[in-house]
Amino acid sequence: MVLSKIQNTALVALATLFAVTQAAPGARVESRSLCFDYDSQKVRGVNLGGWLVLEPWITPSLFEKGGDAAVDEWSLSQALGSDAAQSLLSQHWNSFITADDFQQMSAAGLNHVRIPVGYWAVVPQSGDPYVQGQLDVLDQAIDWARDAGLKVIVDLHGAPGSQNGFDNSGRRGSINWDNVPEQINITLDAIRELSNRYATQYDVVTSIEALNEPMTVMGDSGVDLSNLQQYYYDTWGRLREVNQDTALTMHDGFQDITSWNGFMGQNSGVWNVMMDTHHYEVFDQGLLSQDTDQHVQTACAYGDKVAATDKWTIVGEWTGALTDCAKYLNGRGVGARWDGSYGSGSSFHGSCDGYFQGEVTSLPDDVRTNIRRFIEAQLDAFESRTGWVYWTWTTEGAPEWDMKRQLAANVFPNPVTERQFPGQC
Ligand SMILES: *[C@@H]1O[C@H](CO)[C@@H](O)[C@H](O)[C@H]1NC(C)=O
């Protein structure tokens, strides 16, 4: 694997070289009749996190019903048993987000939603504890999006074997996705299924995202970058079997976003491809130590990076959070770096009181101002390229992350184009 890491680095270097000689930043992949013009319009969107794929920190109460063993959707479903899981999850799917939410998004000036869904909703595997029914809800969501004038990016958030080991892949722990070729095939089957299902809804579903956050920077224990690149080519093929338009969105795999310049580029015979990169400043000791001015500078610098990509690029996840305090954010049973409870390497920056759980309106004035400044800087930075999709629409009570409550409390600009702190980048 050391060898393969070196090969990967060489590939990336080659891709970068290609970018300089063939596809300088600013060059565009040919676009074909999508109902959203990703060249000239800005993506302004929000993720519907914790809805059709559960995450402990977005809905802690659901996981607490499964006892301490319930750390992800897999173990929650196992702990509850299929009847109770079906009942609890169906209730959640039908109430957590409704038609009214889509109207609120539209009223705030959003034009996209990114909707995570797991493979288990699309191509259920015998032996998995997961329950199904999410696709009917997704169908409904697409109708609500159409009514509200929003476009949808359907995002495959979990693959069999897990592509990142995060609880939000459905199964926390080791990363086994590309160790088993059959699992890659199942994932491609899921893409084909989604592609077929939504082929005629191209007026709303402008894009399908191949796979969320495949972890390619962990050497032997992660996903192999060349396997991921092959998977992206195959995914493009699955989409084109049924539809010439639907854009393929590809996460950067935690590689430098500009290292993808040249990959599936202008002269490679593909079209309607978009990169997705995620930007968080709270999962790292050094970044947590920054004051708000420094956080703003970090965000603006990331905007410059994103502006140097050769394909449409969205920042498909980012947040106003300035701490990692939200309850269960780092996983059930795991503490926070902010207050030093994360374990070795974490040190005290401040108390998590108020950030752990609570209302946006209960945050101190200066904290709300800092979050607003940080959000505005990121909006400006990420609109330097194709645009942005905030993480996340709503939560049970994570005040730094909850766009619905932040809009109501004027912590998120409402409408999203309003600025109290213009020109920060
Ligand atoms: C995966 O799919 C390809 C193409 O259909 C097939 O050739 C291959 O045998 C499959 N691999 C496994 C392990 O199922």
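Heavy-atom basis, side chains included; hydrogens, waters and symmetry copies ignored. All ligand and atom numbering here is 1-based and tracks the order in the structure.
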| message | Using the rule given for side-chain hydrogen bond (donor to acceptor under 3.5 Å, both in side chains), can you reason through Asn212 versus Arg114, listing the C-alpha separation, both sets of side-chain angles and the distance that settles it, and then say yes or no? | response | CA-CA 11 Å; Asn212 181 65; Arg114 178 172 176 262; 2.8 Å; yes

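- Shortest contact from atom 9 (O) of ligand 1 to any protein heavy atom: Asn185 ND2, 4.8 Å.
- For atom 4 (C) of ligand 1, the nearest protein heavy atom lies 4.0 Å or farther away.
- Of all heavy-atom pairs between Thr395 and Arg405, the closest is O-NH1, 2.9 Å.
- Under the 4.0 angstrom criterion, atom 7 (O) of ligand 1 counts as lacking any protein heavy-atom contact.
- Remark: Tyr198 engages no residue in a ring pair (Phe, Tyr, Trp, His ring centres under 6.0 Å) (not counting sequence neighbours).
- For ligand 1 and Glu182, the ligand atoms under 4.0 Å from any heavy atom of the residue are 12 (C), 13 (C), 14 (O).
- Within a 4.0 Å radius of atom 14 (O) of ligand 1, the protein has at least one heavy atom.
- For Trp236 and Trp271, the gap between ring centers is short of 6.0 Å.
- Screening Gln294, His295, Gln378 for a side chain to side chain donor-acceptor pair (under 3.5 Å) involving Glu281 leaves a single residue, His295.
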